[in-house]
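Numbers restart at 1 for each chain; the letters A, B, ... are given by sequence-line order, proteins then strands.
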Amino acid sequence: MALLERSEWYDLARATEWTPTYITMDELFPPEHSGGVGLPDDVWAAYDEPYKVSFREYVDVQRQKDEGAYSVKAALERSDLYNKADPGWISILKEHYAAVALVEYGAALQESRFARWNKAPGMRNMATFGMLDEMRHGQIQLYFPHEYINKDRQFEWSHQTMWSNNWVALGARHYFDDIMMTRDSVETSIYANFAFETGFTNLQFIGLSGDAANAGDFTFSKLIQSIQSDEARHAQLGTPLLQMLIENGQKDKAQNHIDVSFWRSYRLFTILSGIPMDYYVPLDVRESSFKEFMEEWIVTQFIKSIEDLGLEKPWYWDIFMADLDEHHHGQHLGTYSWRPTLWWDPAAGVSPEERDWLEEKYPGWNDTFGKVWDVIIDNMVNGRMDKTVPGTLPMVCNLSQLPIVGTPGKTLKDISIVHGDRKYHFASEVDKWIFQQNPERYRHHKNLIDRFLGGDIQPANLDGVLEYMGLGVIGPGGDDVHNYAWLDAYRKIELAG
Amino acid sequence: MALFPISSHFHGDFVLKLVPVDTENTMDEVAIAAAEHSVGVHVPDQPGKVIRARKQGASEPFPRTMILADTGLEPTDTVEFYYSEA
């Protein structure tokens, strides 16, 4: 039996619409779930997804992707990557799988809400494929790290992190709940699909895939490629909705969505991408700095994509550009200093050669962040290891949920406001601005310090904090991934006087 | 006497730190508590100098013998600590 060409039936299938007779349109598409309040009814049928795919094509392509990724995994399982790769790369795997895998299932729920609630039939059609994408991403990123659990229990965090109160999980959940789980389908598609996936995930996966290949981890490289090719398709879901907002008098709202979601995504990526790219990826295979990567892929390409729509750079652009030089360096110092609170073993990444690279990429690094590392290194070289792990907690931003850091001697600053009966602390003017955009949305959430001071964490000491986070319960906490071998160069310098 | 958390910005450090002190502590004692978590941990020691404390953004430090309860600081307010000749 001959099959019709896709072009002969696709528009009919994608535009098929319900015509409710026993209930109202608002009952079928509750505005609080559907979104797009104020948009004319006739614009929804005009939603035009940039990628066209049929279910038959989708299944065939996805089967090929899975075959490719699983075949590479099977072929390389005996290659003993775990013991051959630089331990810094293994830490990247631990960080990635634990921070990402379960969130993919959250994204599947997000896409399923689009498939049910969005008023554009074309989007509901595409979101169905997006939902299947995200299920695949969740499954494959839980399955692949599973083989490492018998080698290293820190890989158990791939399954557990998002159920824990680890500080990274608190930050990630706050972020993903905000952009992905608690907004209507129009806002979510702009926050999660356009800003997060187009702006960051899609591009970050390109960089991560290259780093994996350079590090000899072809299994992970293939996995990431297979995910990125899905993202490239469903990340586009939000673009037509942005166009619809702009063309129907809601440009300011569209701009605000971009301004909020871009910053929130950037802050999380300083942990997920910034630290590994500049400190964990072995120096001999490191291609570009986090800043260079951001400038090429985010500053240039993402901004072009929003300017093509008629939107502008976020108002805080100068703050963002300056932040690229510093924030992730502070977060790296913080994660390394509080390494028992991590589920992975961090790489210090500050051997003399690595410091030369950092100074080249970030002029002035040795005179700012490097001065702090000098103190840490001096303690380590002289056997004062107890001084290399702080005896208290960092202050944490009430928006990003990340420690409040800055360039030593230059930009470290607390930005606080009183709202209701609480004082809130922020790591930047942008974090404060986002909170003030919608304080009812954020004001009840307690960051790690709020919980500690409020008595939620017992005993109220560092041991209690670690147990609260799941360290030593789910799996062991972090320690230097190279077993401090990088200190040998400094020991020689010390001996030479 | 009451436990009183402050946010410590020790000059030269890269992160604000939660430091528990007491409302009856003098600002010299508060500075010692803050130094415990920064000096020799993330900030080099400067022997012979004293550590002064001021509210974030203030131009003048608190008197060294002032009691914390008299400073007007609220819990979790940020205090800057810095080395001074006296």
Please determine if [X] and [Y] form a salt bridge, counting it only when a charged side-chain N lies under 4.0 Å from a carboxylate O.
| X | Y | answer |
| --- | --- | --- |
| A/Asp345 | A/Arg339 | no |
| A/Lys432 | A/Glu429 | yes |
| B/Glu60 | B/Arg54 | no |

Pair count under 4.5 Å, heavy atoms only, with chain B: among A/Glu326, A/Arg384, A/His425, highest is A/His425
One option among A/Thr407, A/Ile404, A/Thr411, A/Asp378 has the most heavy-atom pairs under 4.5 Å with chain B, and it is A/Ile404
Atom group of [X] that falls short of 4.5 Å from chain B, counting heavy atoms:
| X | result |
| --- | --- |
| A/Ile449 | side chain |
| A/Asp414 | both |
| A/Lys410 | neither |
| A/Leu333 | both |
| A/His329 | neither |
| A/Lys423 | side chain |
| A/Thr392 | both |

Part of [X] lying under 4.5 Å from any heavy atom of chain A:
| X | answer |
| --- | --- |
| B/Val41 | both |
| B/Pro44 | both |
| B/Val39 | backbone |

Does the ring center of [X] lie less than 6.0 Å from the ring center of [Y]?
| X | Y | answer |
| --- | --- | --- |
| B/Phe10 | B/Tyr83 | yes |
| B/His9 | B/His11 | yes |
| A/Tyr362 | A/His328 | yes |
| A/Trp433 | A/Phe426 | no |

Just give me the residue among B/Glu80, B/Gln56, B/Glu36 that pairs up with chain A most often, heavy atom to heavy atom, under 4.5 Å. B/Gln56
Start with the C-alpha distance between A/Tyr468 and A/Trp167, add both sets of side-chain angles, then the distance that settles side-chain contact (heavy atoms from CB on, under 4.5 Å), and finish with yes or no. CA-CA 10 Å; A/Tyr468 182 76; A/Trp167 67 272; over 6 Å; no
Does the side chain of A/Gln331 come within less than 4.5 Å of A/Pro403's, by heavy atoms? yes
